Each structure stands twice: as C-alpha cells, then as structure tokens.
Amino acid sequence: MTTSLQTLVDKQDITELIYRYCRSVDRLDEALGYSIWHDDGIADYGDFYRGPGRGVIDLICDNHRHTLHHSHQLANILINVDGEQAGSEAYVTANLRVKQGETTQQITVWTRYIDRWEKRDGRWGLVKRKALRDFDEVREVTPMSQPQSEGSRDRLDPSYSALNLFES
C-alpha cells in the first residue's frame, strides 16, 4: 500500500474511533468506550476527571444514566498521522436533558478533544485525551414531542443489529 493510501486508511480508522467514543456514551456501552483506548491511556477532562481513559467512560456513562436523554455530535475532525503516531482535534457538542422539579432543562456543552493516538500491534488506540470545554449553557426547554419508543440507551437499540456490533 502506498504511503498516501495508508495515511488515508489510518485517518479513517482514527475517525471511526472518535465516533465510537460518542456512540459508547450515548448507548451507555462501556465496553465499546473502552475499545478506543490503549490500556495505559490517560484522560484529562479538567476538573471533571483526570485519570485512566477507561475511568472516564465509566464516569460519563454513570452520569448519563441519571439524565432523560443525551446525544453527542462531532464536527471539524482534523488528524495528522506520522507513522505509528497521530494527533487529532475534534469538536463535540453534547446535549443532555434533565428534569429539575417540574421543568425540563437542556445542558449543552461545546468541547474540543485534543487527542494523541498510537498504533500498536496494528491497532490504533487513544493514549492521551485533553478535553477542552470552550463554553456551555443550561436552559429550560419545552419538549416538542416524546422520544421514539423503539430507541434505547443500551445494546437493545436497533442500531446494534444494523451495524452488527454485538461482537464489539
């Protein structure tokens, strides 16, 4: 494979891992979240969490279990590959709905993930993530409708069967 083609493949592999992270916390799928990290990976989310990468997956999934709904979207993914190492920046917007008394509130957080990746034994994995929160807001909302009942925040969600992720 040519160097240019390998770089494109590596960038796509890393992009999929960044997406997999968001999917894991939205589906409360810790095992899927662990799969993006190398065992010695470190997460730095500022005052929210600093420690092993797998630990931030546990913390976020636990926190999300106490929300009504949550969704993460990614944009502006830039990746620089240099052999078996890579760096990336990705913008993420996280929306969470919570109930406060009789009101529904939406928490929106705009963050950038500054990541360092390594390819070990043919597998890309995250070795360091610095999550930089750019800004956030909390506001009262009036939901337009109820979420569709077919979706779920676990492996029973129909997307697993469509994506054949049961073995992940």
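When a residue number appears, it is its place in the shown sequence, counting from 1. For clarity, every value in this text was computed on a predicted model and none was experimentally measured. We use all heavy atoms of the structure for the numbers below, so side chains are in, but hydrogens, waters and symmetry mates are not.
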Open item on the list: Set out, in order, the CA-CA distance, both residues' side-chain angles and the distance that settles side chain to side chain contact (heavy atoms under 4.5 Å, CB included) for H69 and L96, then state yes or no.
Closed with: CA-CA 6 Å; H69 312 286; L96 304 97; over 6 Å; no
Task: salt bridge (Lys or Arg N to Asp or Glu O under 4.0 Å) evaluation trace for D134 with R112 - done: CA-CA 7 Å; D134 289 326; R112 289 179 295 130; 3.0 Å; yes
Task: Worked verdict on R120 versus D40 for salt bridge (Lys or Arg N to Asp or Glu O under 4.0 Å) - done: CA-CA 12 Å; R120 299 178 185 169; D40 59 347; 2.9 Å; yes
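Residues R129 and Y21 are in side-chain contact: their nearest non-hydrogen atoms beyond the backbone lie under 4.5 Å apart. Within the 4.5 Å cutoff, the side chain of I18 has heavy atoms near those of the S88 side chain. In this structure, the side chains of V98 and I107 come closer than 4.5 Å at one or more pairs of heavy atoms. The shortest distance between side-chain heavy atoms of E89 and I77 does not fall below 4.5 Å. Within the 4.5 Å cutoff, no side-chain heavy atoms of D29 are placed close to those of R23. Residues Q73 and C22 are not in side-chain contact: their nearest non-hydrogen atoms beyond the backbone lie 4.5 Å or more apart. With contacts defined as side-chain heavy-atom distances shorter than 4.5 Å, the pair I79/T15 qualifies. In this structure, I57 and W37 have side chains that are in contact, with non-hydrogen atoms separated by less than 4.5 Å.
Both tests do not hold together for R133 against F48: distance to the six-membered ring centre under 6.0 Å, angle to the ring axis within 45°.
Counted by atom type alone, N95 and H70 present zero donor-acceptor pairs between their side chains at under 3.5 Å. No side-chain N or O of T104 forms a donor-acceptor pair with one of Q106 less than 3.5 Å apart. For the 3.5 Å distance criterion, the side chains of T67 and R97 fail to qualify, holding no donor opposite an acceptor. Side-chain contact check for W110 and D136: no donor-acceptor pair (N or O, by modelled atom type) lies under 3.5 Å. When only modelled atom types and interatomic distance are considered, D58 and Y49 share no side-chain donor-acceptor pair under 3.5 Å.
If you take CZ on R27 and SG on C61, they are separated by 10.5 Å, rounding to the nearest 0.5 Å. Between the CD1 atom in I114 and the CG atom in L132 there is a gap of 5.0 Å [rounded to 0.5 Å]. Interatomic distance, K128 NZ to D44 CG, rounded to the nearest 0.5 Å: 5.0 Å. With rounding to the nearest 0.5 Å, the separation of NZ in K11 from CD in E16 is 15.0 Å. With rounding to the nearest 0.5 Å, the separation of CH2 in W117 from CD1 in I14 is 6.5 Å. Note that CG of N80 is 9.0 Å distant from OG1 of T7, once rounded to the nearest 0.5 Å.
In the hydrophobic cluster analysis, where Ile, Leu, Val, Met, Phe, Trp and Tyr join through side-chain heavy atoms closer than 4.5 angstrom, L126 is grouped apart from I42. Hydrophobic cluster membership differs between Y19 and L28, with clusters built from Ile, Leu, Val, Met, Phe, Trp and Tyr side chains linked at under 4.5 angstrom. No path of Ile, Leu, Val, Met, Phe, Trp and Tyr side chains, each step under 4.5 Å between heavy atoms, connects V109 with V92, placing them in separate hydrophobic clusters.
By the neighbour-count criterion of 12 heavy atoms within 6.0 Å, atom CG of D82 is sparsely surrounded, having that number or fewer from other residues, nucleotides or ligands.
Under the 3.5 Å distance criterion, the side-chain polar atoms of H38 are matched with a main-chain donor or acceptor of G125. Put simply, the side chain of R123 never gets that close to the backbone of K119: no donor and acceptor are under 3.5 Å apart.
Ring-centre distance between H64 and H72: below the 6.0 Å cut-off. Two rings, from Y91 and Y113, have their centers 6.0 Å or more apart.
R116 and E84 are not joined by a salt bridge, as no carboxylate oxygen comes within less than 4.0 angstrom of a charged side-chain nitrogen.
Heavy-atom minimum distance, D39 versus R54: OD1-NH2, 3.1 Å. Of all heavy-atom pairs between D26 and S71, the closest is OD1-CA, 3.4 Å. The minimum heavy-atom distance between L17 and I36, with the atom names listed, is O-CG2, 3.4 Å.
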